[in-house]
Amino acid sequence: GRIHQVEYAMEAVKQGSAAVGLRSNDHAVILALKRSPGELASYQKKIMRIDDHLGIGIAGLTSDARVLSNFMRTEAMKSKMLYDRPIPIFRIVSAIGDKAQVNTQRYGRRPYGVGLLVIGVDDTGPHLYECQPSGNFFDYYAVSIGARSQSAKTYLEKHYELFAEASVDELLVHGLRALRDTLQQDKELHINNCSVGIVGKATNFTIIEGEALQQYLDLLAEKDTAEGGTGGGTGGGEAEATTDDPVAMETE
């Protein structure tokens with residue numbers, strides 16, 4: 001039968017601000033929209049570094065994501081101490097899936113109300129995984145989660161064949177276009193409401209935000225001008241009606 005608490009946790013992910021992930025043959029990137037609780041508050045952190053070769057983007061309850069990120073850091077340190085090597089990406093994603101699954105089966109617990117996009121590089125190359133509150137996880141070429149993520153998925157499905165051979169800059173432009181499609185029509189991407197994480201075979205996991213992000217927003221504008229449009233985006237036209245409704249639970 002249906003397990004309603006798992007469905008509610010999945011709904012918390014849908015209410016959170018969007019995150020987009022893409023990977024090529026050499027790099028993987030995540031991009032996330034940051035929300036601010038109010039004009040007097042700072043923007044919430046949406047991308048977290050786990051290790052030199054590994055990082056996550058989140059959609060849903062930030063507090064749950066903090067617990068899971070601490071668990072992932074502990075597992076990464078264990079791997080370095082016991083085996084003297086960075087933890088393989090599939091192994092840490094499997095550990096997260098097992099940890100999430102326990103909460104769907106044992107009484108007195110609730111599922112984690114957060115979805116994770118995990119990017120990393122190991123001996124087999126770059127990886128991008130989505131981890132769900134149900135304990136399921138999937139390997140992707142490109143994926144989006146969070147509010148209005150269907151609009152971003154439409155863009156990614158249309159252009160995913162270009163990603164394998166793309167450079168980092170090209171991947172980021174595609175990611176920014178997909179992320180822009182999740183915005184409400186009166187909003188724009190800027191250095192305060194957006195952050196980016198990059199990892200590659202020869203690049204440690206790096207978070208780009210603030211002024212450092214401006215060059216990529218400028219590159220996006222240049223590409224749009226050169227192509228005479230918005231790069232095939234949907235402009236958020238496929239936004240789910242429910243995501244703008246006020247909800248009791250505050251998610252990020």
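Small disclaimer: the values here were computed from a predicted structure and weren't measured.
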When you measure from the side chain of [X] to the backbone N and O of [Y], does any donor-acceptor pair fall under 3.5 Å?
{"X": "Thr104", "Y": "Ala100", "value": "no"}
{"X": "Lys158", "Y": "Lys153", "value": "no"}
{"X": "Ser36", "Y": "Ala41", "value": "yes"}
{"X": "Ser144", "Y": "Ala152", "value": "no"}
{"X": "Asn193", "Y": "His190", "value": "yes"}
{"X": "Glu170", "Y": "Ser167", "value": "yes"}
{"X": "Arg73", "Y": "Arg49", "value": "yes"}
{"X": "Lys14", "Y": "Ala147", "value": "no"}
{"X": "Thr203", "Y": "Val199", "value": "no"}
{"X": "Ser79", "Y": "Ala76", "value": "no"}

Would you call [X] and [Y] a side-chain contact if the rule is heavy atoms closer than 4.5 Å?
{"X": "Met72", "Y": "Val118", "answer": "yes"}
{"X": "Leu116", "Y": "Glu130", "answer": "no"}
{"X": "His27", "Y": "Leu22", "answer": "no"}
{"X": "Lys99", "Y": "Phe71", "answer": "yes"}
{"X": "Ile119", "Y": "Phe205", "answer": "yes"}
{"X": "Cys194", "Y": "Leu179", "answer": "yes"}
{"X": "Glu7", "Y": "Glu11", "answer": "no"}
{"X": "Cys131", "Y": "Val93", "answer": "yes"}

Restricting to non-hydrogen atoms, name the atom on [X] and the atom on [Y] that form the minimum distance, rounded to 0.1 Å.
{"X": "Arg180", "Y": "Leu220", "result": "NH1-CD2, 3.8 Å"}
{"X": "Asn204", "Y": "Thr206", "result": "O-OG1, 3.0 Å"}
{"X": "Leu171", "Y": "Arg23", "result": "CD1-C, 4.2 Å"}
{"X": "Val20", "Y": "Ala178", "result": "CG1-CB, 4.2 Å"}
{"X": "Ile47", "Y": "Gly197", "result": "CD1-N, 3.6 Å"}
{"X": "Leu183", "Y": "Glu188", "result": "CD1-C, 3.7 Å"}

Looking at [Y] and [X], is there a salt bridge between them, counting it only when a charged N and a carboxylate O are closer than 4.0 Å?
{"X": "Glu75", "Y": "Lys80", "result": "no"}
{"X": "Lys223", "Y": "Asp169", "result": "no"}
{"X": "Arg110", "Y": "Asp64", "result": "yes"}

Requested in this report: Assess whether side chain to side chain contact (heavy atoms under 4.5 Å, CB included) is satisfied between Phe137 and Phe90, documenting all intermediate values.
Outcome: CA-CA 10 Å; Phe137 56 89; Phe90 180 81; 3.7 Å; yes
More than 12 non-hydrogen atoms from neighbouring residues, nucleotides or ligands closer than 6.0 Å to [atom1] on [X], yes or no?
{"X": "Lys201", "atom1": "NZ", "value": "yes"}
{"X": "Tyr8", "atom1": "OH", "value": "no"}
{"X": "Asp123", "atom1": "CG", "value": "no"}

Treat each ILVMFWY residue as a node, draw an edge where side-chain heavy atoms are under 4.5 Å apart, and state whether [X] and [Y] are in one component.
{"X": "Val196", "Y": "Tyr43", "result": "no"}
{"X": "Met10", "Y": "Leu68", "result": "no"}
{"X": "Val6", "Y": "Tyr112", "result": "no"}
{"X": "Val67", "Y": "Leu54", "result": "yes"}
{"X": "Tyr141", "Y": "Leu176", "result": "no"}

Query raised in the report: So among His53, His127, Arg85, which one has a side chain to side chain donor-acceptor pair (under 3.5 Å) with Asp122?
Result: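 With Asp122 as partner, His53, His127, Arg85 yield a single side chain to side chain donor-acceptor pair (under 3.5 Å), made by His127.
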Atom [atom1] of [X] and atom [atom2] of [Y]: how far apart are they, to the nearest 0.5 Å?
{"X": "Asn192", "Y": "Leu213", "atom1": "CG", "atom2": "CG", "value": "9.5 Å"}
{"X": "Phe163", "Y": "Leu128", "atom1": "CZ", "atom2": "CG", "value": "11.0 Å"}
{"X": "Thr74", "Y": "Met77", "atom1": "OG1", "atom2": "CE", "value": "4.5 Å"}
{"X": "Ile208", "Y": "Ile191", "atom1": "CD1", "atom2": "CD1", "value": "13.5 Å"}
{"X": "Leu162", "Y": "Leu156", "atom1": "CG", "atom2": "CG", "value": "11.5 Å"}
{"X": "Ser69", "Y": "Ile96", "atom1": "OG", "atom2": "CD1", "value": "8.5 Å"}

Requested in this report: Please find out if less than 6.0 Å separates the ring center of His159 from that of Tyr155.
Outcome: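 For His159 and Tyr155, the ring centres are under 6.0 Å apart.
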Query raised in the report: Yes or no on salt bridge (charged side-chain N to carboxylate O under 4.0 Å, His left out) for Lys46 and Glu209, after CA distance, side-chain angles and deciding distance?
Result: CA-CA 11 Å; Lys46 292 293 298 290; Glu209 53 192 359; over 6 Å; no
Query - Side chains of Ser195 and Lys34, donor plus acceptor under 3.5 Å - result: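 No, no side-chain donor-acceptor contact under 3.5 Å.
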